[in-house]
Amino acid sequence: MFAAHHFQANRYEYKYQITEAQARMLRPLVQAYLVPDEFARFTPDGSYAIHSLYLDNAEQRLCRATLDGLRNRFKIRIRFYDHQPESPVFLEIKRRVNDAVAKERIAVRRALVPRLLATRDPDPALLWKREPHALATLQEFCRLCEALHADRGMLVSYRREAYVSNTDNSVRVTFDRDVTGGQYDEQLNVRPLADHLQPRINGTILELKFTDRFPAWMRELVLQHNLVRQQMAKYVSCAVALDRMTQCVLGAA
């Protein structure tokens, strides 16, 4: 279903936090230029689940890099789309240099992920398929985990409605809803939290993604609807929300 290995060209991602009413208003405008992506076409409501385990260290170095506004930074994450034991999961390295984003991604065997998290060993047996550059990406993922001492993280989940060009992948628009996060266990499940401690992002996150120039129709959409571009990193937002709620509970104890 999902490509096993993927190198993404440098891309720009503009994010906006909007209401569901705004999302319903914007949908037909987006549909005038783009079509549902290949995954949304096969779901009843045109959306699908995404789960991303963002790895970090005890000092939350990668989280803080975003909070501090560092222009050059990266994230390492494990992404998957269901909880079926036979489905692959995807290791991703997402780098930001100034405003441009580049991503590498490979598919690995879900059953071997606990061993990967414990040892950070780039064993070729992890690979879902032996494809060009896949082993190099696996080695770089493990190198970053080891250098960072990435022994913890947060599992962020949401539902995505996505649209793409019908000719290439140079333009993409996504609406992400029901964004929530939590700690994870070795089987990539969220450890349940009390409802008042469950970090959530309200509303819908709209992302306008493009290579090269900002398309004129996207610019017009932003201007007509007075959309304000925001820093909206899902992992960072959930991590900050969880930390604030935990501190509030500890302070009230």
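Remember, predicted model here, so these are calculated numbers, not experimental data.
Interatomic distance, T180 OG1 to Y158 OH, rounded to the nearest 0.5 Å: 13.0 Å. In this structure, H225 NE2 and E220 CD are separated by 9.0 Å, a value rounded to the nearest 0.5 Å. K75 contributes atom NZ, which lies 8.0 Å from atom CG of L62 (distance to the nearest 0.5 angstrom). Between the CD1 atom in I50 and the CZ atom in R160 there is a gap of 4.0 Å [rounded to 0.5 Å]. Between E161 atom CD and D176 atom CG the span is 9.5 Å, to the nearest 0.5 Å. For the atom pair R110 CZ and D82 CG, the distance stands at 6.0 Å (nearest 0.5 Å).
The salt bridge (Lys or Arg N to Asp or Glu O under 4.0 Å) contacts involving residues 39-61 comprise D45-R159, where partners must be two or more places apart or lie in separate chains.
Residues meeting the side chain to side chain contact (heavy atoms under 4.5 Å, CB included) test with D121, sequence neighbours left out: T119, D123. Every residue meeting the side chain to side chain contact (heavy atoms under 4.5 Å, CB included) condition with R130, not counting sequence neighbours, appears here in chain and number order: P124, L127. Residues forming a salt bridge (charged side-chain N to carboxylate O under 4.0 Å, His left out) with R71 (at least two apart in sequence, or on another chain): D99. Every residue was checked against the salt bridge (charged side-chain N to carboxylate O under 4.0 Å, His left out) condition with D168, not counting sequence neighbours, and none meets it. Here Q139 pairs with nothing under the side chain to side chain donor-acceptor pair (under 3.5 Å) rule; sequence neighbours left out. The side chain to side chain donor-acceptor pair (under 3.5 Å) test applied to S52 returns R79, not counting sequence neighbours. Under the side chain to side chain donor-acceptor pair (under 3.5 Å) criterion, K209 pairs with E207, not counting sequence neighbours. With sequence neighbours excluded, no residue satisfies salt bridge (charged side-chain N to carboxylate O under 4.0 Å, His left out) with R64. Under the rule for a side chain to side chain donor-acceptor pair (under 3.5 Å), T174 has no partner lying at least two apart in sequence or in another chain.
Remark: side-chain polar atoms of Q17 are paired, donor with acceptor, to backbone N or O of N202 under 3.5 angstrom. In this structure a side-chain-to-backbone donor-acceptor pair under 3.5 Å is missing from S237 to K234.
The pair E146-R143 fails the salt-bridge criterion, with no side-chain N (NZ, NE, NH1 or NH2) lying under 4.0 Å from an Asp/Glu carboxylate O.
In this structure the side chain of L117 reaches within 4.5 angstrom of the side chain of I78, judged on heavy atoms.
V35 forms part of a hydrophobic cluster together with V164, judged by ILVMFWY side-chain heavy-atom separations under 4.5 Å. Think of Y14 as one node in a network of Ile, Leu, Val, Met, Phe, Trp and Tyr side chains linked at under 4.5 Å; its network also takes in Y12, Y16, I18, L26, L29, V30, Y33, L34, Y163, V171, V173, F175, L206, L208, F210, F214, W217, M218, L221, V222, L227.
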Steps toward salt bridge (charged side-chain N to carboxylate O under 4.0 Å, His left out) verdict (E13, K94): CA-CA 12 Å; E13 299 180 352; K94 187 174 183 179; 3.1 Å; yes
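Residues L55 and L70 do not share a hydrophobic cluster, defined by chaining ILVMFWY side chains whose heavy atoms lie under 4.5 Å apart.
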